[in-house]
Amino acid sequence: MSGTPAIRVAGLRFEYGEGTRQRVLTLDGIELSVRRGEFISLVGPSGCGKSTLLYIIGGFVPYRVGEVVVNGARVTGPGKDRGVVFQQFALFPWKTVLQNVLYGLEKQRVPRAEALDRARGLLRTARLDGFENHYPSQLSGGMRQRAAIARTLAVEPDILLMDEPFGALDAQTRSVMQEQLREIWRSTGKTVVFVTHDVREAVYLSERVVLMTKRPGRIKEVVDTAFPKTGEMTADPRFHEAVAHIWKSVRAEFEPGHG
Amino acid sequence: MASALRPVWLYTPLLLLALLWEGISRAGVVSAYALPPLTNVLAAWWSLLVDPSFWPHVFASLGRGAAGLAIALVVGVVLGVSLAWSRAVNMLLGPVVQMFYPLPKSALIPLTIIWFGIGDESKIFLIFLGCLLPIATATYNGVRGVDRNLLWSAASLGAGRWSLIRDVAFMGAVPDILAGLRTALAMTFVLLVSSELLISNEGLGFLIRSYGDGSQYPQMFACSMTVMAMGFAADQAFRRLAAWLLRWRG
Ligand SMILES: Nc1ncnc2c1ncn2[C@@H]1O[C@H](COP(=O)(O)OP(=O)(O)O)[C@@H](O)[C@H]1O
Ligand SMILES: [Mg+2]
């Protein structure tokens, strides 16, 4: 079992609006394998299909051509083995923070007392105790995203799919959240697929950075970034080399003639 | 100081209107038949309010309005959610809804009377018809506008089909449903009174017509004012309810 990858994508080709005039070839020939417990980032020019690939792995967007296999089973829809975190948090705005975190536990029929215990514990870890009965609209962006991550972690998915989760946060909040995500990853050993357009963030957080071409998205290059990291502001030359290399490669996708 | 005076300023326009009404009527600018002095109307109103035979008409109207609106709310929400959620339902019922939408429902009053007689059922049915589509279309738009990331989040947290519909699609549509309900509430009073005016043997609309036919204009005005007061109270109550239901909004 530990030999099978957490995620395997093979020969994936995807069009939006298939069979219509406005069809858009979005992904073409995607081959990707993610080890159990690995942290990878997807980077590439805007519109290249990073989110689409993540949504297909999540089972939200159905695909026809190719294979997407999670934990040995072909993806046919969403599942609680794959938790998602979106840029705009996607908390249920009509539920309080606690009710949001409880939602998945209720759907899993976790007994009430145990669910409350777990939810409160997660909120404490997310430093949201005292905000349990606040609505998302009453929280800052960073707090909302911590609540959203707590909600996702509550059902204990072994894979986290994150679509630019820190993209809407200010710089300070973002670096705090990066630390916390690394800590979660280190302590839980979850597999993480992280979409970002921030190359430093990608290099800092992940063990491999997957670079995509402009649309139709293909995998252009996979960069190994598994060296020890001290922080995004590190002086480690490997960090800077990786960032510079990836930047150059992404920028090449914007050359004249490209959208 | 200013805040203590606010209620006074708030009601000044109403007071001016009342004075104008009284003045025009007393000065004989229009005949006292066409516009009885306000003080006469208020006196007539008072004597109606203390007359026990007046209240059954009020309750008859209220009951019809509440029943028609309540049925329209339930059916309209179910219809709107189904239209938004299911392509099959949309293909089947979408064209019917679109055809029916622009029809003024008061045009159906004679038909409802043929079908249901002159009692409660014809009024309730008419109000139901009139309120159904505003509520259904508002619900439809609300469900269509629900953020797909909310649906996806719920699905990955283990929500099945019914949970998605109830917990996310419906809940996400609540602000729109309330907006549709407010339109429907105003529609309720319009259809209630016009159907009672036309053919009925009780209710406020019936009283308005009877007093009008009997040339008892102060009483007739007093009944219209009762309708107005009920409409105002219903809208105020609705606004409070809506504010409470939407307390999660920033
Ligand atoms: N629902 C959709 N229908 C049609 N085209 C879409 C849809 N969503 C995204 N696209 C198109 O697919 C391409 C990839 O989008 P996306 O996966 O969001 O890219 P990225 O996340 O890399 O910026 C873009 O050209 C976008 O316009
Ligand atoms: Mg994207």
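Quick note on labels: first sequence line is chain A, next is B, and so on, each numbered from 1.
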Heavy-atom contact with chain B under 4.5 Å, split by part of Tyr55(A): side chain
Ring center gap for Phe116(B) and Phe125(B) short of 6.0 angstrom: yes
Among Ala155(B), Gly158(B), Ser156(B), Ala154(B), residue most engaged with chain A (heavy-atom pairs, under 4.5 Å): Ser156(B)
Contact origin within Leu105(A) toward chain B - heavy atom pairs under 4.5 Å: neither
Part of Val168(B) lying under 4.5 Å from any heavy atom of chain A: both
Part of Tyr103(A) within contact of chain B (heavy atom distance under 4.5 Å): side chain
Part of Arg249(B) within contact of chain A (heavy atom distance under 4.5 Å): backbone
Aromatic Trp244(B) / basic Arg247(B) pairing, under 6.0 angstrom, 45° off normal: yes
Parallel, tilted or perpendicular, as decided by the 30° and 60° cut-offs, for the rings of Phe39(A) and Trp185(A): perpendicular
Val155(A) versus chain B, the contacting section by heavy-atom distance below 4.5 Å: side chain
pair Arg36(A)-Pro5(A): side-chain heavy atoms closer than 4.5 Å: no
Any side-chain heavy-atom pair of Val97(A) and Glu132(A) under 4.5 Å: no
Side-chain ion pair, Asp167(B) and Lys107(A), N-O less than 4.0 Å: yes
Under 4.5 Å from any heavy atom of chain B - which part of Phe86(A): side chain
